[in-house]
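See below for the structure under consideration.
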Amino acid sequence: MHEIIICEKPKAAEKIAQAISPNVKKRKYNKKVSYWEIEEENKKITVLSAVGHLYSLTPVNPKSKVFFDLEWAPLYEIDKTKKYTRDYVYAIKKFSKDADKFIHACDYDIEGTLIGYNALKYACGQNTTANISRMKFSTLTKTDILDAYNNMIDLDLHQVESGSARHVLDFYFGVNISKSLMHSVRTAKKRFLKLSAGRVQTPTLSILVDREKQIKKFIPKPYWLIKALLNGEIIADHEDGKIFDKKRAEEIFDKCQNQNALVDEVKKTETIRKPPVPFNLGGLQSEAYGVFGFSPKKTQMIAQNLYTGGFTSYPRTSSQKLPKSLEYKKIFMQLSKNAEFKKHIQDLPSELKPNEGKKKDAAHPAIHPTGVLPDKLSKDELKIYELIVYRFISVFCENSKLESVKTDLLIADEKFNFKRKRVSYLGWLAHYPFKKIENENFLDIKKGDIIKVEKICSEQKETKPPARYNEASLIKELEKRELGTKATRADIIAKLYDRKYISGKKIEVNQLGENLIDTLKEYCEDLTSEDLTRDFEKRLEGISNDKTTQEAVVNDAEKEVKAILGDINKNEADIGDKLYDAYQQSRIVGECSCGGNLVMKYSPRNKSHFVGCSNYPECEITYSLPKGATFLKKTCPKCGLPIISFGKPRQHACLDPNCGKDNTKRHVVKVVGVCPDCGKDLVKRSGRYGDFVGCKSFPKCRFTCSLEELKDLESKSKK
DNA sequence: GCAAGGTC
């Protein structure tokens, strides 16, 4: 008897193998892929692992114009960056050859069910469920795993179909509509522009466009704040706060002149601040953004590295819980080997009870350190690691206490007040160095005191439009709306930047992004809102509980998408025109001395961006850009060109590297050789990073090389 | 070239 257990990921496979038998032997396939063998009296068990999806949907006919005929193919054949999945597939194929029982032990959710099913079907060659059983567990603890192993259930094919349909629907809508948008631009402008739309990315962009529109249409309203300056160190606010009635503001201002303040009441309150809750992925991303300014994607990558290194736990979790089975004591003992950590750990209460959050996750606990101390980490990795460690420590700490005093004053008969607060007991705040502690001075003031008013101020202000999203607050919004998943949200936002739909840390929507949403609202409104996700969920649920079939759902979707594509096609010249013009608009970085627009351009040859004039070829001016350069909203006081920011640490400079210097230098032409690409003269030029050699017929010919490379060229041509 | 979803 030979049993095969297929798990979703290596870490889960290890836990499952260890839970089933203490006599498990860990082995390696091809030196890379781990698998586990258990030998019992009359049965052998081999525990194998996938690495997430091993198979992916792909068009049967990749050359067709639209994709409605899809099939599953190995991921390593489709995506070059996923080559590592090949060994996992091969290992499953090899060790399952002589097996007679197959156990599906992937995460108990829709994607997990599909991952295991595809592995069993395509790698193990199981075309029926006759020899397949399913383990159902909600955590990867020994008791849960053993319980699942001893009480296996049948594989639910409705769930498999439901998961499969989700992939098909996303492909139908996403890939086909994206392709048709790009096709429109090609038809209208004979240009290639990378465009995309999808069930998650488009509503996400739409959220940003809505905010952008709110900001644009916002009309600021004036209001007044009346403040009283007392004793040189007290600023008291009028009780009404924002006063929109100018007359009322003037009335208070006049009335309070040359009056003393009577202390009407002094109220002291103490509030308790609970420790923070353990990190889930979103929480970690948000905190790392706030504390270090790391993008959610960067944080996710670092967290993945720390997990692979064995220093922290599985990062793609939505859990804010730390179950007891983690053995906190053991982790703290190990962390205490680090002297800094020890200082904080020794103050922990003897009974360890974490302050947990509400969110749960079926497969993983909250992010926590494993206790294994890293020796070599990059600066950024160390930052995230310490953030995780100190957060872990602080959730076990005591509450902190905050003391605040509110003092009510009467000036004339107008009510004013001021507040002061300080931390009266540090508790967890002493062990979480990433939280600032604000301690304000308390004053010795009692009810009935009279204080001299030095000055009454009336400040005119304006109401402000709603704030722009940043990457962290956008992720929170997506979590709230249940758009995307914990593992994909950061990637989706990065994609919107990459497509040039949005820009800036405080996210602004570019013309292209706005136009794309406008276009899609006209042709498939559902795609621009959460409606499509909700709609998918309903249909997929129908498949899960046998109210409809995968075939029916997929056929319906095909009809819908075909109708949308038909509409887009009819208007493609107009759509393409507008999209490309919008794209051009968002590339403008400044004004050229010839009166044209300076626009960002890309040189495929040099694989780099540069700035050129919209009047090219009449105006041939170009500016090279240093790596990672961004444009500031400032212009150079000397020449009016935009100011760029570049380098590490960031420095600011005029777009023209020769600005302020002897400008003629740039145009001094000294022939130094012959261009190997076009045969014209090669000339010496000077750029931001020093001198180089370029072709005289630039920008028609974009050949460049360094002075050293020129010497090599000369010696070669002599031979 | 295109989606969204898993994971090293």
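For the numbers below, each heavy atom of this structure counts, side chains included, while hydrogens, waters and symmetry mates do not. Proteins come first, then strands; the chains are lettered A, B, ... in the order of their sequence lines, and each starts at number 1. As the structure is a computational prediction, the values presented were derived from the model and not from experiment.
- Using a 4.0 Å heavy-atom distance criterion, A197(A) is classed as a sugar-phosphate-only contact.
- Using a 4.0 Å heavy-atom cutoff across all strands shown, L114(A) reaches no nucleic acid atom at all.
- Positionally, the nearest nucleotide of DNA chain B for M182(A) lies more toward the 5' end than for the other of M182(A) and H364(A).
- A salt bridge between D581(A) and K189(A) is present, with a side-chain N of the basic residue lying under 4.0 Å from a carboxylate O of the acidic one.
- Tested against Y35(A) for a side chain to side chain contact (heavy atoms under 4.5 Å, CB included), the candidates E14(A), K94(A), R27(A) yield a single pass: R27(A).
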Let me check something: any side-chain donor-acceptor pairs from residues 362-377 of chain A under 3.5 Å, sequence neighbours excluded? List them with distances.
residue: H364(A); atom: NE2; partner: K9(A); partner atom: NZ; Å: 3.4
residue: H368(A); atom: ND1; partner: S313(A); partner atom: OG; Å: 3.3
residue: H368(A); atom: ND1; partner: A366(A); partner atom: O; Å: 2.9
residue: T370(A); atom: OG1; partner: G310(A); partner atom: O; Å: 2.6
residue: T370(A); atom: OG1; partner: F311(A); partner atom: O; Å: 3.1
residue: T370(A); atom: OG1; partner: V372(A); partner atom: N; Å: 3.3

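- Taking a cutoff of 4.0 Å between a charged side-chain nitrogen and a carboxylate oxygen, K297(A) and D491(A) qualify as a salt bridge.
- Sequence neighbours left out, not one pair with a member in residues 473-501 of chain A passes ring-ring contact (aromatic ring centres under 6.0 Å, His included).
- Using a 4.0 Å heavy-atom distance criterion, K9(A) is classed as a sugar-phosphate-only contact.
- Residues meeting the salt bridge (Lys or Arg N to Asp or Glu O under 4.0 Å) test with D535(A), sequence neighbours left out: R539(A).
- If you check every strand for non-hydrogen atoms under 4.0 Å, V200(A) touches sugar and phosphate atoms only.
- Using a 4.0 Å cut-off on heavy atoms, the residues of residues 80-89 of chain A that approach DNA chain B are K82(A), Y84(A), listed by number.
- Residue G163(A) is out of contact with every strand shown, counting any heavy-atom pair closer than 4.0 Å.
- The residues R134(A) and D156(A) are annotated as not salt-bridged, no charged nitrogen and carboxylate oxygen being separated by less than 4.0 angstrom.
- Across all strands shown, Y314(A) has heavy atoms under 4.0 Å from sugar-phosphate atoms exclusively, and none from any base.
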Could you tabulate the donor-acceptor pairs under 3.5 Å formed by side-chain atoms of residues 58-73 of chain A, not counting sequence neighbours?
residue: N61(A); atom: OD1; partner: K63(A); partner atom: N; Å: 3.1
residue: S64(A); atom: OG; partner: N61(A); partner atom: O; Å: 3.3
residue: S64(A); atom: OG; partner: V66(A); partner atom: O; Å: 2.6

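- Few gaps surround CE on M152(A); more than 12 heavy atoms of other groups in view lie less than 6.0 Å from it.
- When DNA chain B is scanned in the 5' to 3' direction for atoms under 4.0 Å from non-hydrogen atoms of chain A, the outermost contacting nucleotides are dG1(B) to dC8(B).
- Counting non-hydrogen atoms under 4.0 angstrom, F173(A) reaches nothing in the nucleic acid.
- Of the two residues contacting DNA chain B, namely G52(A) and R199(A), the nearest-nucleotide position lying further toward the 5' end is that of R199(A).
- Residue-level contact check: S196(A) touches the backbone only, with heavy atoms under 4.0 Å from sugar-phosphate atoms and none from bases.
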